[in-house]
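When a ligand or atom number is given, it counts from 1 through the structure's own listing order.
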Amino acid sequence: MPALRLYIGNKNYSSWSMRPWLALKWGGIAFEEQLIPLGGEGYGQSQIAAVRAVSPSGRVPSLHVDDAVIHESIAICEWAAEQAPSLWPADAITRAEARSAAAEMHAGFAALRRDLSMNIRRRLSSQPAWPQDTQADLAQLNALWDRLYAKHGGPFLFGARSIADAMYAPVATRLRTYGVPLHAAAKSFCDAIFADATFQAWERAAEAEPWSIEQTEALYR
Ligand SMILES: N[C@@H](CCC(=O)N[C@@H](CS)C(=O)NCC(=O)O)C(=O)O
């Protein structure tokens, strides 16, 4: 078995880190994790260099498999699925649909990611007025989840837990943080993620972290 080390950012803020971490854990793949605190007061050249030293893109997550480096969250998830094929649906067409949904998250929803930064610990008391492109992303997300729940019946997006759920799990926390009203399918998805023991382990660690990134905390204050 190769030596696996996953480099991640702060669990409270780093949504890209959460995705492959969940996939590896759900796949039963043993790995060591190393957290590099990102952002916050005094963030500077030494942390940027620390990330660059473990990831050619200068971003986390990055998975070291012996001497090889796999970066980009979706590529790490795909590697995990090669070790644990049940991370994708068994049926070829359903698997292709799950890959479409996962790729859409990785490449899309830019306005949602810009305006609803992940901040697991935080709960806003009232919902901000979202710009039009963010409203469009939220509508697109609801339409996607409505369609997948109607087709596969839950409890996860493709019935059983898959990488598609890992890709959207951080979004569930964002909807909770910013108090976004939920369609029935979105509520079912969020409930399924929040009840997942692996997700809960990440969430507990996020809540216990000492770091605070003022730029994110100051949003909508
Ligand atoms: N497309 C990349 C995005 C990775 C990304 O943006 N990571 C952020 C943390 S969530 C990062 O490393 N930022 C570097 C920094 O803040 O210095 C992926 O899917 O892995």
*Shortest heavy-atom approach to atom 6 (O) of ligand 1 - which of His71, Arg59, Met167, Met18*: Arg59
*Does the ring centre of Phe194 sit less than 6.0 Å away from the ring centre of Phe199?*
yes
_Closest approach of any protein heavy atom to atom 3 (C) of ligand 1, naming residue and atom_ = Trp16 CD1, 3.6 Å
*Look at the side-chain heavy atoms of Ile, Leu, Val, Met, Phe, Trp and Tyr, link any pair under 4.5 Å apart, and say whether Met118 and Ile213 land in one connected group.*
no
*In the protein, which heavy atom is nearest to atom 17 (O) of ligand 1, and how far is it?*
Tyr43 OH, 2.9 Å
*Of all the atoms in ligand 1, which lie at a distance below 4.0 Å from a heavy atom belonging to His106?*
1 (N), 18 (C), 19 (O)
*Where the closest heavy atom to atom 4 (C) of ligand 1 is concerned, which of Val60, Leu38, Val51, Ile36 has it?*
Val60
*Tell me whether the centres of the aromatic rings in Phe158 and Trp145 are closer together than 6.0 Å.*
no
_ligand 1 contact by Ser17, heavy-atom criterion under 4.0 angstrom_ = no
_Return the closest protein heavy atom for atom 1 (N) of ligand 1 as residue, atom name and distance._
Glu72 OE1, 2.7 Å
*Closest non-hydrogen protein atom to atom 20 (O) of ligand 1, residue and atom name please, with distance?*
Ser73 N, 2.9 Å
*Would you indicate whether the side-chain heavy atoms of Ile120 and Arg176 approach each other to under 4.5 Å?*
yes
*Short N or O distance, Tyr13 and ligand 1, threshold 3.5 Å exclusive*: no
*asked:* Looking at ligand 1, would Ile48 count as a contact under a 4.0 Å heavy-atom criterion?
replied: no
*If you measure from CZ on Arg122 to OG on Ser212, what distance do you get to the nearest 0.5 Å?*
10.0 Å
*For ligand 1, is there an N or O atom under 3.5 Å from any N or O atom of Ser14?*
no
*Report the part of Arg19 in contact with ligand 1, treating N, CA, C, O as backbone and CB onward as side chain, heavy atoms under 4.0 Å; options are side chain, backbone, both, neither.*
neither
*Just by modelled atom types, is the Val54 backbone N or O under 3.5 Å from a matching donor or acceptor in the Ser62 side chain?*
yes
*Does the Arg113 side chain pair with the main chain of Gly108, one donor and one acceptor, at a distance under 3.5 Å?*
yes
*With Arg19 as the cation and Trp16 as the aromatic partner, state whether NZ or CZ is under 6.0 Å from the six-membered ring centre and within 45° of the axis.*
yes
